[in-house]
Amino acid sequence: MAEQQINVAVLGGGSFGTALASIAADNGARVHQWMRDETLVAQINHEHRNGRYLPHYVMNSAVQASTDLQAVLADAELVLIAIPSKAFRSVVQAAKAWLRPEQILVSTTKGIEQDSFLLMSQVLEQETGFTHIGVIAGPNLASEIADKQLTATVIASADPLTRTRVQQALGCRYFRVYASDDRHGVELGGALKNIYAIAAGMAAALGMGENTRSMLMTRALAEMSRFAVAEGANPMTFLGLAGVGDLIVTCSSNLSRNYRVGYAMGEGRTLEEAVDALGQVAEGVNTVKLVCAKASEMGVYMPLAEGLYHVLFDGVPAQDMARTLMMGEQSSDVEFILPRETVQREHRDQALHNHASKDHASKDHASKDQVFKNSGDKNA
Ligand SMILES: NC(=O)c1ccc[n+]([C@@H]2O[C@H](COP(=O)([O-])OP(=O)(O)OC[C@H]3O[C@@H](n4cnc5c(N)ncnc54)[C@H](O)[C@@H]3O)[C@@H](O)[C@H]2O)c1
Ligand SMILES: O=P(O)(O)OC[C@H](O)CO
């Protein structure tokens with residue numbers, strides 16, 4: 001589908017970086033992939049395999065791997081950055097000397113920066129000041145893409161050139177790229193769903209049923225969009241691939257690392273044991289901490305995220321947390337139709353009404369008593 005051969009640089013030698021590099025090469029792009037590990041570089045260049053992250057996947061043999069950041073970026077028109085959020089800024093800073101304003105820079109990372117609460121495309125913007133900046137997010141399990149399972153993603157950018165170039169570079173017979181201009185919403189969708197994937201993994205390990213999983217995912221969507229709207233995103237974005245799409249896949253599949261962390265904890269492992277056993281990044285663990293702090297600062301109601309926080313960091317058993325959540329307020333289904341505040345007001349009004357009726361009834365009763373007393377007929 002690529003209309004002209006484009007030079008693509010992929011920064012990151014993990015599973016998603018590797019899958020994206022191969023897609024772009026399948027699509028006719030000239031692809032250079034940067035990573036730190038010389039052994040992996042040699043393996044990709046000679047065996048066309050990334051034995052550490054996607055051992056069973058045969059990559060497109062045209063992908064050229066290198067540890068030389070300058071060489072990888074030299075001719076790149078499109079730069080895809082697939083580095084975990086903890087290291088994202090430092091890699092961008094290292095790359096900065098060879099980045100140019102005409103390049104298209106796209107983050108594929110679904111995480112939030114610890115101290116700044118910035119999303120990765122905001123880090124890119126802050127570090128470079130460039131305009132062709134975008135993000136990719138959607139239901140994109142790297143190992144399924146590697147298997148060439150039919151997959152769709154979203155390129156989100158306010159910049160039309162970024163959107164069309166990424167669609168041209170990556171859209172192919174097994175990978176569809178949809179466009180959005182709500183970069184913030186798409187990026188938040190990708191980062192926030194990791195929280196609920198941990199909770200869904202936990203629920204599955206605890207033997208909770210399909211009704212429970214469906215409730216969890218739907219309420220997660222309500223919570224994610226409530227937070228994102230408070231952050232200035234468009235709630236409609238959450239109806240798309242980067243919202244409900246990514247939430248479904250990550251809350252349903254043990255190919256998701258976040259789901260696997262939750263599952264291991266539901267089986268009784270500690271957070272540390274679960275993360276160690278994974279050996280890769282589960283962004284949701286850090287994201288839940290940052291989002292809970294932010295939500296309390298902004299006054300956004302996020303009972304699921306808060307509940308998960310208590311299980312991960314305060315030693316609250318997951319079963320107890322689930323019970324507590326069921327006792328929480330019974331609120332609105334879709335808050336953009338019936339606002340949560342309206343339901344709360346209705347409950348308050350009803351309580352007042354009940355109280356007033358009770359009061360009235362007891363006064364009525366008392367005055368009847370008085371009449372009876374006065375009339376001396378207690379059986380009237
Ligand atoms: N794996 C997926 O299915 C998938 C899908 C969509 C999005 N993502 C997102 O993409 C991002 C990267 O994911 P991944 O699956 O490729 O991760 P990964 O854990 O498979 O690999 C991360 C890569 O980053 C490298 N890295 C870590 N710290 C580094 C540093 N300081 N300098 C240079 N390189 C460093 C690692 O060596 C590794 O090559 C994550 O934020 C994830 O949310 C992943
Ligand atoms: O493995 P996870 O949990 O990081 O999820 C991978 C992707 O984000 C799924 O779209």
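Bear in mind that the values here come from a model prediction, so they are computed numbers and not experimental data. Numbering starts at 1 and runs along the sequence shown. In listed order, ligands and their atoms are each counted from 1.
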Need the ligand 2 atom indices (1-based, order shown) with element for anything under 4.0 Å from a heavy-atom of Asp246. 9 (C), 10 (O)
Any nitrogen or oxygen of Ser15, side chain or backbone, less than 3.5 Å from one on ligand 1? yes
Considering heavy atoms of the protein only, find what lies nearest to atom 31 (N) of ligand 1 and give residue, atom and distance to 0.1 Å. Ala87 CB, 3.2 Å
Ignoring hydrogens and geometry, is there a side-chain-to-backbone donor-acceptor pair from Thr109 to Ile83 under 3.5 Å? yes
Is it true that atom CG of Asp333 has more than 12 heavy atoms of other residues, nucleotides or ligands lying nearer than 6.0 Å? no
Are Arg219 and Glu335 within salt-bridge range, i.e. N to O under 4.0 Å? yes
Sub-4.0 Å heavy-atom approach of Ala197 to ligand 2: no
Could you tell me whether Met236 atom CE has more than 12 heavy atoms of other residues or ligands within 6.0 Å of it? no
Looking only at distances, can you tell me whether any N or O atom of Val249, backbone or side chain, sits closer than 3.5 Å to an N or O atom of ligand 2? no
Does Lys86 have more than 12 heavy atoms from other residues, nucleotides or ligands lying within 6.0 Å of its NZ? no
At what distance, to the nearest 0.5 angstrom, does OG of Ser357 lie from CG of Leu352? 10.5 Å
How long is the span from the CE atom in Met326 to the OG1 atom in Thr212, to the nearest 0.5 Å? 8.0 Å
Qualifying residue for side-chain contact (heavy atoms from CB on, under 4.5 Å) with Ile198, from Leu271, Thr250, Leu308: Leu308
For ligand 1 and Gly13, I'd like to know whether there is a polar contact (N/O to N/O, distance under 3.5 Å). yes
May I ask you to list the atoms of ligand 2 that are less than 4.0 angstrom from any heavy atom of Thr250? 3 (O), 5 (O)
Closest protein heavy atom (residue, atom, distance) for atom 4 (O) of ligand 2: Arg257 NH2, 3.0 Å
Given Glu77, which partner from the list Arg100, Arg165, Arg30 fulfils the salt bridge (Lys or Arg N to Asp or Glu O under 4.0 Å) test? Arg165
Mark yes or no for whether Asn258, through its side chain, and Gly284, through its backbone, hold a donor-acceptor pair below 3.5 Å. yes
For atom CD of Glu38, decide whether the heavy atoms of other residues, nucleotides or ligands shown that lie under 6.0 angstrom number more than 12. no
Have a look at Ile23 and tell me which of Val177, Leu170, Val31 forms a side-chain contact (heavy atoms from CB on, under 4.5 Å) with it. Leu170
Under a heavy-atom criterion of less than 4.0 Å, does Gly111 contact ligand 1? no
Are any of the N/O atoms in Tyr259 less than 3.5 Å from those in ligand 2? no
Can you list the atoms of ligand 2 that are under 4.0 Å from a heavy atom of Ser256? 1 (O), 2 (P), 3 (O)
Quick check on Gly17 - does any of its heavy atoms sit under 4.0 Å from an atom of ligand 1? yes
Who's the nearest protein heavy-atom neighbour of atom 3 (O) of ligand 1, and how far? Ala142 N, 2.7 Å
For ligand 2, which atoms have a heavy atom of Lys110 less than 4.0 angstrom away? 7 (C), 8 (O), 9 (C), 10 (O)
Considering the heavy atoms of Leu141, write down every atom of ligand 1 situated less than 4.0 Å from one of them. 3 (O)
Residue Val91 vicinity, atoms of ligand 1 by number, heavy atom under 4.0 Å: 32 (N), 33 (C)
Nearest to atom 21 (O) of ligand 1, what protein heavy atom do you find, and at what distance? Gly14 CA, 3.1 Å
Between Gln5 and Gly28, is there a donor-acceptor pair closer than 3.5 Å when you use the side chain of the first and the backbone of the second? yes
If I apply the N/O under 3.5 Å rule, does Ile83 come out as touching ligand 1? no
Which is closest to atom 4 (C) of ligand 1 by heavy-atom distance: Phe88, Tyr53, Phe16? Phe16
Got a donor-acceptor contact below 3.5 angstrom from the Thr67 side chain to the Arg36 backbone? no
Can you list the atoms of ligand 2 that are under 4.0 Å from a heavy atom of Asn258? 2 (P), 3 (O), 4 (O)
So which of Arg36, Glu283, Gln33, Lys193 gets nearest to atom 35 (C) of ligand 1, if we judge by its closest heavy atom? Arg36
Those atoms of ligand 2 less than 4.0 Å from some heavy atom in Gly138: 10 (O)
Please check if atom CD in Glu102 has more than 12 non-hydrogen atoms from other residues, nucleotides or ligands closer than 6.0 Å. yes
Tell me: protein heavy atom nearest atom 10 (O) of ligand 1, and distance? Thr108 O, 3.4 Å
Identify which of Gly12, Ala191, Pro84 has a heavy atom lying nearest to atom 24 (O) of ligand 1. Pro84
Just wondering, more than 12 heavy atoms not from Asn211 lying within 6.0 Å of its CG? no
Is Asn194 touching ligand 1 with its side chain, its backbone, both, or neither, if touching means heavy atoms under 4.0 Å apart? neither
In short, Asp182 meets Ala156 closest at the heavy-atom pair O-CB, 4.0 Å
For Pro139, take its heavy atoms, then give the atoms of ligand 2 lying under 4.0 Å from any of them. 10 (O)
Quick test: of every protein heavy atom, which one is nearest to atom 5 (C) of ligand 1, and how far off is it to 0.1 Å? Asn140 O, 2.9 Å
Purely on distance, is any nitrogen or oxygen of Trp34 under 3.5 Å from one on ligand 1? no
Distance under 4.0 Å to a non-hydrogen atom of Lys193: what atoms of ligand 2 satisfy this? 5 (O), 7 (C), 8 (O), 9 (C)
Tell me whether Arg257 reaches ligand 1 (any heavy atom closer than 4.0 angstrom to a ligand atom). yes
Residue Gln280 vicinity, atoms of ligand 1 by number, heavy atom under 4.0 Å: 20 (O)
Where the side chain of Thr108 meets the backbone of Ile81, is there a donor-acceptor pair that is under 3.5 Å apart? yes
